[in-house]
Amino acid sequence: MSLNTFVPRFFIFMALSLSVFTIYFYFFIPDMGKLESFLYKINHSPNFIPSEKIPEHVKKSFVVAEDNFFYTHRGVDYSSLSRAAKILFKTGQKRQGGSTITMQLARNTYLTNKKTYTRKFNEILIARKIENTFSKDDILTLYLNEVYLGHNVHGIKQAAQFYFGKNVYDLNVSEAAILAGIPPAPAHVTPILNPEKIMQKRNEILIRLLALKIITPSSYCISFNMPLELRASH
């Protein structure tokens, strides 16, 4: 095939691919009505925690644990996706990885937990749509109210009560970091199932919070030395 033939065919292919992508994005990716309804519930129902009632150290604990670049990316962290793709290429295993908070929200709200190649693609598209529809604060609030935290517990309000017998706004830095360590493996690593591992993850999160100057050295020392104290019924 000559260069004069290849170039126009290449551009035709790219134009068709872009057209298919655009049609798929606008007609097959769901609208944000489901999340808009959920956000309305957050603002009007006592069963959900609105943003202003979630302490900053709780929000930031989940951000540093799950998505370091949450406030700068547009729903997708391509560097993390690249690392996950390299692991897939080397091992052939579709491990969880590379998903931002926005992508997790997209998956938990619209998709299934079955790990497929198309699911990750849909996560990316829906995450971009979410980012174009909601503010970062709204996205984080939605995520914190629906994230699975083990033992059939969804959202930080239930988790704070279930694990510590507290309201969300009473959680200290150590407890916030403990909860933030659960989402990667809620079926195996919780304060009840694996207290040693969850405390290790807590300490890693505390170090990140200190490095980013989200907490003070004094707060870090106090939190690091706090023992794991669960609700008495556990």
Side-chain angles (χ1 to χ4, degrees), residues 42 46-71 77 80 95-105 107-108 113 137 139-234:
I42 289 175
N47 295 322
F48 295 89
I49 302 294
S51 176
E52 62 270 17
K53 292 187 178 181
I54 304 174
E56 280 301 307
H57 62 266
V58 174
K59 294 179 181 179
K60 294 298 173 60
S61 292
F62 278 86
V63 169
V64 301
E66 290 292 291
D67 189 356
N68 281 321
F69 301 103
F70 173 70
Y71 289 104
D77 183 351
S80 294
R95 297 178 183 176
Q96 186 63 48
S99 291
T100 64
I101 281 175
T102 314
M103 290 172 67
Q104 291 180 54
L105 178 62
R107 178 177 68 244
N108 295 342
N113 286 325
D137 192 58
I139 292 169
L140 186 57
T141 301
L142 287 163
Y143 170 80
L144 291 174
N145 273 280
E146 61 79 41
V147 62
Y148 181 60
L149 293 166
H151 306 283
N152 203 32
V153 171
H154 290 267
I156 55 171
K157 180 178 181 179
Q158 286 188 9
Q161 185 61 44
F162 177 78
Y163 290 112
F164 305 114
K166 290 185 174 183
N167 293 313
V168 173
Y169 46 79
D170 290 325
L171 291 172
N172 59 45
V173 174
S174 173
E175 292 162 343
I178 287 170
L179 295 183
I182 299 174
H188 308 288
V189 182
T190 73
I192 297 171
L193 296 176
N194 197 333
E196 290 185 3
K197 181 66 174 180
I198 204 67
M199 292 300 278
Q200 177 185 333
K201 292 173 73 67
R202 180 206 69 171
N203 293 342
E204 292 171 357
I205 292 169
L206 290 176
I207 290 172
R208 293 181 209 170
L209 291 171
L210 176 64
L212 293 171
K213 298 182 179 180
I214 295 169
I215 60 175
T216 64
S218 174
S219 178
Y220 168 79
C221 291
I222 292 171
S223 301
F224 184 86
N225 288 300
M226 279 187 174
L228 175 62
E229 296 181 350
L230 299 178
R231 196 181 65 181
S233 60
H234 295 313

Under 3.5 Å, side-chain donor or acceptor atoms of residues 208-215 against the rest of the protein: list the pairs with distances, not counting sequence neighbours.
from   : atom 1 : to    : atom 2 : distance (Å)
Arg208 : NH1    : Val64 : O      : 2.7

Are [X] and [Y] close enough that some pair of their side-chain heavy atoms sits under 4.5 Å apart?
X      : Y      : answer
Lys59  : Ser51  : yes
Gln161 : Val153 : no
Lys157 : Asn145 : no
Pro191 : Ile182 : yes
Lys53  : Val168 : no
Pro186 : His151 : no
Leu140 : Phe70  : yes
Leu144 : Ile49  : no

Practice prompt. Could I get the full list of salt bridge (Lys or Arg N to Asp or Glu O under 4.0 Å) partners for Lys197, not counting sequence neighbours?
Written response: none
Discussion item. Per the ring pair (Phe, Tyr, Trp, His ring centres under 6.0 Å) rule, what does the pair list look like for residues 169-193, sequence neighbours excluded?
Written reply: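 The answer is none; no pair qualifies.
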Fill in: Parallel, tilted or perpendicular: ring planes of His154 versus Tyr148, cut at 30 and 60 degrees
tilted
What distance do [X] atom [atom1] and [Y] atom [atom2] have between them, rounded to the nearest 0.5 Å?
X      : Y      : atom1 : atom2 : answer
Asn108 : Met103 : CG    : CE    : 11.5 Å
Ile139 : Gln104 : CD1   : CD    : 12.5 Å
Leu228 : Glu196 : CG    : CD    : 11.0 Å
Ser174 : Met199 : OG    : CE    : 5.5 Å
Ile101 : Tyr71  : CD1   : OH    : 7.5 Å
Lys166 : Arg231 : NZ    : CZ    : 13.5 Å

Worksheet item: Looking only at atom types and distance, does a side-chain atom of His57 sit under 3.5 Å from a main-chain N or O of Leu171, one as donor and one as acceptor?
Response: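 Confirmed, His57 side chain pairs with Leu171 backbone.
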Worksheet entry | Residues which pass side chain to side chain donor-acceptor pair (under 3.5 Å) with Thr100, listed by chain and number, not counting sequence neighbours | none
Fill in: Counterpart residues, side chain to side chain donor-acceptor pair (under 3.5 Å), relative to Gln158 (two or more places apart)
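Side chain to side chain donor-acceptor pair (under 3.5 Å) check on Gln158 returns nothing, list empty.
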Residue pair [X] / [Y]: nearest heavy atoms and the distance that separates them:
X      : Y      : result
Arg202 : Ser223 : NH1-O, 3.1 Å
Val173 : Ser219 : CG2-OG, 3.9 Å
Leu193 : Thr190 : N-OG1, 3.0 Å
Ile205 : Ala65  : CD1-CB, 3.6 Å
Ile54  : Pro50  : CG1-O, 3.4 Å
Pro184 : Gly181 : CD-O, 3.6 Å

Worksheet entry | side chain to side chain contact (heavy atoms under 4.5 Å, CB included) between Asp170 and Phe164, intermediate numbers included | CA-CA 10 Å; Asp170 290 325; Phe164 305 114; over 6 Å; no
Discussion item. Determine whether Tyr143 and Val63 satisfy the following criterion, side chain to side chain contact (heavy atoms under 4.5 Å, CB included), listing intermediate values before the conclusion.
Written reply: CA-CA 11 Å; Tyr143 170 80; Val63 169; over 6 Å; no
Practice prompt. Take Ile156 and Phe62, measure what side chain to side chain contact (heavy atoms under 4.5 Å, CB included) needs, and give me the verdict at the end.
Written response: CA-CA 11 Å; Ile156 55 171; Phe62 278 86; 3.9 Å; yes
Fill in: ring-ring contact (aromatic ring centres under 6.0 Å, His included) partners for Tyr220, two or more places apart
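Partners of Tyr220 by the ring-ring contact (aromatic ring centres under 6.0 Å, His included) criterion, ordered by chain and then number, come out as Phe224.
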Discussion item. With side chain to side chain contact (heavy atoms under 4.5 Å, CB included) as the criterion, how do Ile178 and Tyr163 come out once you've worked through the C-alpha distance, each side chain's angles and the decisive distance to 0.1 Å?
Written reply: CA-CA 10 Å; Ile178 287 170; Tyr163 290 112; over 6 Å; no
